[in-house]
Amino acid sequence: MDQYSKISHEAELSGASLVLVSKTHSIESIKEFYDRGQRAFGENKVQELVPKYESLPKDIRWHFIGHLQKNKVKYIAPFVDLIHSVDDVELLEEINKRASQNNRKIKVLIEIRIASEETKHGIVGDDSDKLIAYCIDNQLDNVSICGLMGMATYTDDEEQIEKEFKFLKSEFDRLKSKYFSDQGQFKEISMGMSGDYTLALRHGSTLIRIGTLIFGKR
Ligand SMILES: *Cc1c(COP(=O)(O)O)cnc(C)c1O
């Protein structure tokens, strides 16, 4: 069994889905996995995602997983399936506005900073509460907050990684019961990459984002 089959199977056994991270990889290599049935692909650059979207079959679900600049939202708003990386109110407002112009409702995740490294994006403290409350109070009806995303520290220390994944799961449970207890849409915990997806699945991930293990080194 190759890595793709192995990882898809492991995800499925945990009730999670695989987002195949295709950044830097060619249309042809994406098509190979499309032909094997993969439909969810992840990209982190708008200028790379748009031409891939244009060249590939339209039933692909494109996940935007990188840091998203406000002025680029308009280019992906017509088609993006899920934006994993919302970490401020202005970005959420912009997504809502562009979704509305396209008569769409765009699914988003709130990116929480769980890593100890300073460089990572993501929200800390109760800013996630503020973001959700803002969305509800201002009736941003063209975005749907579907859960949380986080990236663990890049380290060999499994205890550290587990601590971070447990924290993301506990934030998910807390926010779910506070704001979404009667809404099924808040259900995703996007955590786990090539180096740590097994731990992520063990701690409740519903979306693993894997590139290197399946495509090889970038
Ligand atoms: C590149 C990337 C991944 C995939 O990383 P691999 O280590 O290649 O599996 C996952 N999530 C985000 C946000 C990324 O930028």
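Here the structure is a predicted model, which means the values were calculated and not measured. Both counts, for ligands and for their atoms, begin at 1 and track the order of listing. In this chain, numbering begins with 1 at the start of the sequence shown.
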Student: Can you tell me how the ring of His84 sits relative to the ring of His63, calling it parallel under 30°, perpendicular over 60° and tilted otherwise?
Tutor: tilted

Student: Taking only heavy atoms of Thr212 into account, list the atoms of ligand 1 that are under 4.0 Å away from them.
Tutor: 6 (P), 7 (O), 8 (O), 9 (O)

Student: Using the side chain to side chain contact (heavy atoms under 4.5 Å, CB included) rule, pick out the option among Asp87, Val86, Leu91 that qualifies with Leu131.
Tutor: Val86

Student: For atom 9 (O) of ligand 1, find the nearest protein heavy atom and state the residue, atom name and distance (0.1 Å precision).
Tutor: Ser194 OG, 2.6 Å

Student: Return the minimal non-hydrogen interatomic distance between Gly211 and Arg218, and the atom names on each side.
Tutor: CA-NH1, 4.3 Å

Student: When hydrophobic residues are tied together by side-chain contacts of less than 4.5 Å, even through go-betweens, does Leu56 share a cluster with Val50?
Tutor: yes

Student: Assert yes or no for the condition that the ring centre distance of Phe186 to Tyr179 is strictly below 6.0 Å.
Tutor: no

Student: Quick one: which of Lys23, His121, Met193 has a heavy atom closest to atom 14 (C) of ligand 1?
Tutor: Lys23

Student: Should Met151 be counted as touching ligand 1, given the test is an N or O pair under 3.5 Å?
Tutor: no

Student: For Gly211, take its heavy atoms, then give the atoms of ligand 1 lying under 4.0 Å from any of them.
Tutor: 4 (C), 6 (P), 8 (O), 9 (O)

Student: Any chance the rings of Tyr34 and Phe41 have centres within less than 6.0 Å?
Tutor: no

Student: With a 4.0 Å cut-off on heavy atoms, does Ile65 reach ligand 1?
Tutor: yes

Student: Using a 4.0 Å cutoff against the non-hydrogen atoms of Arg209, which atoms of ligand 1 qualify?
Tutor: 4 (C), 9 (O), 10 (C), 11 (N), 12 (C), 13 (C)

Student: Please confirm whether His84 comes under 4.0 Å of ligand 1, counting heavy atoms of the residue only.
Tutor: no

Student: Do the side chains of Asp196 and Tyr154 get nearer than 4.5 Å, heavy atoms only?
Tutor: no

Student: If you count the atoms of ligand 1 from 1 in the order shown, which ones are under 4.0 Å from a heavy atom of Ile210?
Tutor: 9 (O)

